[in-house]
Amino acid sequence: MNFPYQIKNLEQYQQEYKRSLDDPSGFWGDIAEHFTWKKKWDTVVQSDFHHADTRWFEGAQLNITENCLDRHLADRGDHTAILFEPNDPNKEVQKISYAELHKRVMEFAWVLKNNGVKKGDRVCIYMGMIPELAIAVLACARLGAVHSVIFGGFSAQSISDRIQDAQANCVITCDGANRGAKTIPLKSVIDDALVSCNTVNKVIVYDHIQTPVSMIKGRDAWWNEEVDKVQQSGNTYFPAESMDAEDLLFILYTSGSTGKPKGVVHTTAGYMVWAHYTFVNVFQYQPGQVHFCTADIGWITGHSYIVYGPLSAGATTLMFEGVPTWPDAGRFWEITDKHQVDILYTAPTAIRSLMGFGKEPLQGKDLSTLKVLGTVGEPINSEAWHWYDKEIGKEKTPIVDTWWQTETGGIMISNLAGVTPSKPTYATLPLPGIAPELVDENGNVIEGMDVSGNLCIAKPWPGMIRTTYGNHERCIETYFSAYKGKYFTGDGCLRDAEGMYRITGRVDDVLNVSGHRIGTAEVENAINMHEGVVESAIVGYPHDVKGQGIYAYVIFSGDSSNPDLLKADILQTVSRLIGPIAKPDKIQLVSGLPKTRSGKIMRRILRKIAEGESDKIGDTSTLLNPEVVDEILLNFI
Ligand code: WT7
C-alpha cells in the first residue's frame, strides 16, 4: 500500500493544512478516494454545530472491514496483521496473517449471526487483550452490529449500566483475563452484571485461561464450539454488510463532569478516514513496520490505534496482553527487542512508572529498531519527556505528543513524526482539518500568540462524535452549548509564540488518573451509596506516577471509631460500583464541606488543599461555614 496523502515535510504540512480548512470537501474527498467503497458519497460534509448534526460522506456505502481486511488480501494476505504477545513471556507468541484474520473475522461474524445478532444490534464486548477481542470487534463491524467495548477494569454495576443504556442483546466475553500475576474473572463479573439486564439473550464465551465458569442454559455458548459449527457448515465466507456512511460503528462510554458515563457514538465512514489518516501521518507509518500501541482496546486509543488505524493501513499491530511491570519493569523493552518494534505508542503514566525503575530494566535490550515514539492520554511532564527521549529514543527518535479524546475519534493536535517540529511537553500543531480556538470564559475567541484559554474546535472533522447514545440533547449540551457554534473539549490550553499548542489539563470536573478518565460526580455518587456517608467531594491532586490522584473528602455520620476499616469499606464500595480504577488514593473524614451561601460545594478550596497549596485558598469569609476549612486543613493527609 502506498499513502499519497502522507505528508513529507513542513512546507507540505502547511499547504495541506491550509487547503483542508479552505476546501474541506475537496481535501477529504481526495483522501477518501483511496478507500474501498461499495458506493461513493453524494456530499463530503454537512454540518450544523448548533444541533450537533454533522454528516461525512453522506450517500456512501461501505464496510470498514473491507478496508481493514479484504483490500489487503491480494498484496499482503500472508503479512502479519496481529502480532500477539501474551501476558506470560514464556507462552507462545501468535502471528495472525491478514488472510487468517479475514477468515477468523468472517467465521465469527457467522457465529454472531447464528446467535441472533443482526445489523444495528448493540453488542457488548468485555474481554482481555487477546486477538479474539479484535476479532470480535471486527466481526461486529462485518455484520453491521454496533460494538461497545468495556474495559476489563470496570465492575459488574458499570457494565450493567452500559448494557442497559445501549440496550445490547449480546455479550462477548472470556472466562477470564491475565493481568500480570493476577487473573480477572471476566465471565463471573458478566454473570453479576446480567442479573439486572433483561435485553441480553446471548453470551459468547472464549475459553482463555481455562478457569471454571458457570454457563447458563440457552443463554451462554462457547466461542470455539460455535466456530466449529460454522466451519462444519462449509459456508464460511461472510459478505461484508453494506453500511451507510453515517451508520453507527461503535459506542464507547466515557465519563463527564456530571451524571453517568455517556455513550460516545462514532459512525462508519468519517471515523474510518480519520483513524487511517491520522495513523499514517502522525506516526509516519511505512509499509512493513511493527506498530506497538500499549493501550487497551477498552479505550478509544485501542480502537483507533490498535485496531482500525493500523489494520486499515495494512500494518502489523502488536497486541500485548500483560502489564508493563510484570514479570519485571523491562517488559516493554523486551517486547520491543523481541519483535523489532518500529513505533511505540504509550502513556505518560507508564513512562513515569518505568522511569522509576531506573536503567537496569533497559540493560541488554536492543531498542534500535524504534523509529517513532508516541505519548497519549495526559499532559507529559518535562522529566518524563526527556527520559523517554534519552533512554528509549537515544535522542534520535522523534516523539509525538498526541492530544485527542474519546469524542474526537483520532489524534487532533500532534507533531508528525520527524516531519513537523516537536517541542517537549507540547502537542504542537493541529492536524489538517482541525481548527483549534482558544476562548475565554465569556466565549470570546483569544487571538494571537502567547495566550491561553479553553480549547474549542471550530470546524467539523471526519472523526468527531456524532451523538451520545440515546440522548442527543446531552451531546448538544455537553459539547456544543458552552460556546455556540464550537465543539468544547473541556481542556485548558496555551498557544506559545510560535503558535504551538500545549494542553494544560481539564477545566471541568473530570479527572485524568493514569490516563483514565474519571468523573468526580460518579465517584461521589458511589461513595454516597455507602451506609452512613452523608456527603462527599472528590478532587484531583498531583500524583508522581498517575498524573492525578483522587482525593476524597467524606462526611460520615455513623460509627467512625475504626476509620481504617471504614475507609477500606468505602474503597470496596467504589470498586463494586465503578471499578478499581476509580478508587480514591486518599480519604479524609470531615465534619463538613466548605459551601457557598447557596449551598454549593466550593471545590476550588478543596482542590487547593488537596494540591498542598493551602496558602492560595484566598478569602473564606463569604462561605456558609468557614470554620470547616480550618478543620480540614488541620486533619489534612
Ligand atoms: C482527555 C481525553 C485520547 C485517548 C486517551 C484519552 C487528556 C489526552 C493528551 C495529551 C495532554 C491529553 C485531555 C483530554 N489528554 N491526550 N497528549 N496531552 N492531555 O482519552 O479518556 O477521552 O481523555 O485526555 O485532558 O481531554 P479520553
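For ligands, and for the atoms within them, numbers begin at 1 and follow the listed sequence.
- Within 4.0 Å of ligand 1, protein heavy atoms belong to I300, T301, V376, G377, E378, P379, D401, T402, W403, W404, Q405, T406, D491, I503, R506, N512, R517, listed by chain and number.
- The only option from H339, M129, R331 that meets the side-chain contact (heavy atoms from CB on, under 4.5 Å) definition with F320 turns out to be R331.
- Atom NZ of K586 sits in a crowded spot, with more than 12 heavy atoms from other residues, nucleotides or ligands closer than 6.0 Å.
- Checking N178 against E321 by side-chain atom types alone, a donor-acceptor pair falls below 3.5 Å.
- Crowding of E611 atom CD: a count of heavy atoms from other residues, nucleotides or ligands under 6.0 Å exceeding 12.
- Geometric assessment of R607 against the ring of Y541 yields a negative cation-pi assignment under the 6.0 Å and 45° thresholds.
- Note: F279 and Y305 have parallel aromatic rings, judged against thresholds of 30 and 60 degrees for the angle between ring planes.
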